Amino acid sequence: MIPIEYFLTFAAILFVIGAYGVMAKPNTLIVLMCTELMLNAANINFVAFSAYMTGAPAVYGQVMVIMTISVAAAEVAVGIAILLNAYKVRKSTNAEDLTSMRW
Amino acid sequence: MIILDYVWLVPLIPVLCFVIVGFLGNKMGPKMAEGGFLVIAGTAASFVIALLCTLEYVGFIGDGGLYPDAVTNSITWFSVGSYTLTFGYYIDILSCLMMLFASFISLMIFTYSLGYMHDQGPRQRRYFAEVALFLTGMLGLAVSSTLLELFIFWEIMGLCSYLLIGFWSFNHPEGDDKADNAASAAKKAFLVTRLGDVCLMGGLFVLFFTMGGLEYTTVFNATNLANAWAANSGLLTLAALLIFGGVIGKSAQFPLLDWLPDAMAGPTTVSALIHAATMVKAGVYLVARCFPLFVLEPNVMLFVAIIGGVTAFFAATMAMNNMNIKKVLAYSTLSQLGYMFLSLGAGGYMMALSIEVTGGQIIIQNPEYFTIGCLGYAAGCLHMVNHAFFKALLFLCSGSVIHANGTEDMRLMGGLYKQMPKTAITMLIGTLSIAGFPFFAGFFSKDLVLDVVFEAFHETSANVNYLFIFLWFLGIVTAFMTAFYMFRLWFMTFMGEYRGHHCHGESPKSMTVPLMILAIFAFGAGFALLLGWDGVFTFFGNHHTEGEVLQWIVGGWDRPNVGIHWIEELFTNWKTYVTIVLVIVAIALAYLMYVKKSINPGKFSKDGQSWLYRTISNRYYFPEIYNQFSWKLGYDVARGVDFIDKQIIDGTVNGLSNAVCGSGDLMSKAQDGNLHTYASVVLGGIVVLFVAVMLLFFYGGVF
């Protein structure tokens with residue numbers, strides 16, 4: 001069996017990549033994708049812990065992951081819809097151009 | 001008790017008149033003469049009820065047997081903790097006397113006002129409403145049963161005096177200067193009396209603390225007083241002094257005397273009301289009412305006497321060279337009020353020496369002193385009544401003269417005897433009365449006052465008696481000056497040649513008839529002494545000698561027909577003849593100066609240039625001292641307070657709000673709308689939290 005550290009390290013790398021993308025990428029579409037990466041990093045952790053866990057029903061982690069995936073799907077749908085409308089108004093999906101929601 | 005149960009109607013009827021005239025007067029139609037007739041009818045009703053109550057109280061009608069016990073009744077007003085505040089009436093001879101003369105003289109003044117204020121048109125409504133409220137204050141003060149109730153009516157009078165002195169503070173018939181003058185005089189009267197009222201209120205607080213109540217039946221009960229005196233004599237003395245401070249303000253005594261001459265800015269009828277029937281008499285009433293409290297400490301009474309004597313003298317000197325007919329009368333009021341306090345104080349001093357407070361009892365040790373004290377009390381009250389009559393008469397006469405001439409300056413009068421004989425004769429009667437010409441009302445009371453002071457000199461110990469002989473001397477000199485300046489006024493107004501521009505002639509009947517009625521009383525009020533005055537004033541409480549319990553009766557407390565005895569004493573006494581001679585000399589001097597012109601008055605004053613003349617005509621620089629005092633002290637204190645308010649208090653508040661706003665502005669810069677910033681902050685926060693949790697986990701030992 002592959003040791004759990006491998007899964008956790010992989011998930012951490014994935015999460016850091018996602019976090020880097022959210023903070024650094026100018027294109028909002030890529031930012032959205034990177035949030036998906038971060039979510040999936042968490043999902044991997046869930047599944048890994050679920051598989052290695054003893055003494056409790058093994059499906060707890062998987063149930064959580066399915067929940068996360070469905071919520072993430074909805075979130076992406078809403079996010080891309082907002083993004084499309086923003087693009088119609090601003091002719092840009094750049095995060096630097098979408099800064100009017102402030103003081 | 002047929003009518004006495006309804007004595008509360010006496011102050012209630014004028015207040016109803018005030019409400020009707022003041023708030024509904026514009027609906028009454030033109031025939032009501034702007035409420036004048038209604039107010040006069042109400043005052044007449046009050047007077048009749050007061051008269052019937054007095055008659056029942058002394059036993060002429062009804063079952064009798066009430067006198068000399070006070071008749072009192074009250075309802076609960078509200079309760080605070082264990083103490084219940086009551087509201088009620090308290091009738092004894094002093095209350096009856098106050099009700100009678102206040103309502104009667106007000107009736108005369110209001111009738112006179114019909115003619116005097118006739119040209120004021122619709123403003124008469126305001127005038128009549130306010131004088132009705134003024135009368136309510138005085139009558140309520142006379143019948144009230146607690147000192148708190150008295151204080152309420154006292155303040156009502158303060159308010160009304162403000163309103164009425166400032167009656168011409170706009171649309172003055174003689175122009176805007178006079179209007180400003182009236183407004184500032186009103187303010188002055190209000191503020192100066194307020195100074196006294198604060199003292200009075202403090203006195204009531206102290207009294208409440210020491211006696212546990214403010215009802216007359218509690219405060220003036222001999223046993224309660226004796227116990228409180230044993231427990232806390234210092235506080236009771238303080239209470240008496242503070243109450244007298246209120247009296248000094250209200251009755252315009254020595255340090256606070258300056259508002260009364262300025263109050264002449266109001267209509268003359270208002271001056272008559274303030275000086276004769278209401279307001280300043282309230283102070284005398286309060287001292288007479290609080291006599292049982294004041295006599296506990298001789299020095300309080302000594303203070304009262306000194307203030308009275310000094311005021312009598314100072315005010316009289318200021319009247320000597322004034323050219324304004326109303327101001328001369330105002331100073332003479334101050335002077336006569338001084339006589340009243342002199343009498344009450346000297347008598348009270350003797351009474352204070354005669355009693356001893358031991359073992360929860362007030363024991364009269366020296367009946368002889370006590371009798372002198374009774375005489376002082378009675379003389380002060382008799383002078384109050386007599387003064388009310390002749391001063392009302394004098395003011396109304398001067399109003400009649402002013403009405404006809406359109407000026408208050410006596411230099412523009414003269415020779416009016418031919419044009420207005422009724423006014424001249426009635427005013428002569430008033431002048432003779434105030435001057436103390438034999439057999440006129442003022443003669444009896446004033447000479448009794450001087451008699452009391454001389455007796456006090458005779459009987460007291462070495463150091464105090466010099467003070468009393470000095471006060472007696474001031475009194476004698478004041479009597480001389482009074483006769484002089486009053487006849488100076490009368491001669492300058494009615495004798496010689498006319499120096500003015502135009503005189504309308506005699507005033508209408510509504511003005512002269514009250515003058516004639518008042519003239520009868522100004523002549524005859526002194527003969528009230530012939531009624532006997534047996535125990536005519538009473539205190540609530542008990543007097544113990546040799547175990548015997550007696551009412552503490554002032555007047556002829558141990559002697560029948562004491563009034564007749566006093567008259568007898570008056571005429572078998574060399575001092576009386578001294579004052580009579582002085583009065584006649586003063587009248588002759590005034591005659592020579594102002595009618596025959598054989599003595600030039602300018603010779604004494606170096607034609608108005610001597611420093612004495614200027615000092616007096618500047619009122620001893622009292623207004624100046626007030627101004628400087630209030631300017632220097634009041635203005636600087638106000639500036640200091642202003643600094644604290646603006647810089648420190650407002651500064652704190654503004655600084656706090658500026659700090660909040662500024663930091664908010666600063667923080668809002670962080671909200672730049674950039675997605676990456678937000679995401680970085682969120683992640684950074686998470687990292688910080690994570691690190692903190694880890695550190696706690698490893699080193700803190702939290703988990």
Side-chain angles (χ1 to χ4, degrees), chain A residues 5 8-9 11-43 45-46 49 68 71-72 75-76 78-103, chain B residues 634-703:
Chain A
E5 287 85 358
L8 297 186
T9 312
I13 292 167
L14 207 57
F15 185 87
V16 170
I17 292 169
Y20 167 75
V22 167
M23 284 193 286
K25 285 293 167 190
N27 193 332
T28 319
L29 206 57
I30 296 175
V31 170
L32 263 180
M33 288 172 172
C34 290
T35 54
E36 291 303 310
L37 279 185
M38 289 160 77
L39 281 170
N40 284 326
N43 285 346
N45 276 7
F46 271 123
F49 282 120
T68 316
V71 170
E75 178 228 305
V76 167
V78 173
I80 290 179
I82 292 172
L83 209 58
L84 273 174
N85 280 306
Y87 182 73
K88 275 184 193 164
V89 178
R90 296 288 163 100
K91 300 292 172 211
S92 162
T93 52
N94 228 340
E96 267 91 40
D97 299 331
L98 302 173
T99 58
S100 59
M101 289 274 281
R102 59 177 179 184
W103 47 267
Chain B
Y635 190 70
D636 285 352
V637 166
R639 271 214 307 227
V641 171
D642 183 61
F643 177 80
I644 291 174
D645 182 40
K646 277 200 180 136
Q647 304 297 322
I648 296 180
I649 295 175
D650 282 9
T652 312
V653 174
N654 289 342
L656 276 176
S657 80
N658 281 341
V660 171
C661 286
S663 59
D665 272 351
L666 209 67
M667 300 289 274
S668 76
K669 293 287 185 293
Q671 188 198 6
D672 62 354
N674 194 330
L675 185 63
H676 295 125
T677 322
Y678 298 167
S680 311
V681 169
V682 169
L683 280 167
I686 287 170
V687 169
V688 167
L689 270 178
F690 182 76
V691 169
V693 169
M694 282 298 142
L695 286 177
L696 283 175
F697 182 70
F698 285 117
Y699 301 109
V702 171
F703 300 111

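Just so it is clear, the model here is predicted, and its values are computed rather than measured. Just the heavy atoms: all of them, side chains too, but no hydrogens, waters or symmetry mates, feed the values below. Throughout, protein chains are lettered first and strands after them, A, B, ... in sequence-line order, and every chain is numbered starting at 1.
A side chain to side chain contact (heavy atoms under 4.5 Å, CB included) with A/Thr99 holds for exactly one of B/Thr677, B/Leu675, B/Asn674; it is B/Asn674.
Among all heavy-atom pairs drawn from B/His676 and A/Val22, the shortest one is CD2-O, 2.9 Å.
Interface summary for chain A: among B/Ser680, B/Gly673, B/Ala679, the most heavy-atom pairs under 4.5 angstrom belong to B/Gly673.
Around the OH atom of B/Tyr678, the shell of radius 6.0 Å holds more than 12 heavy atoms that belong to other residues, nucleotides or ligands.
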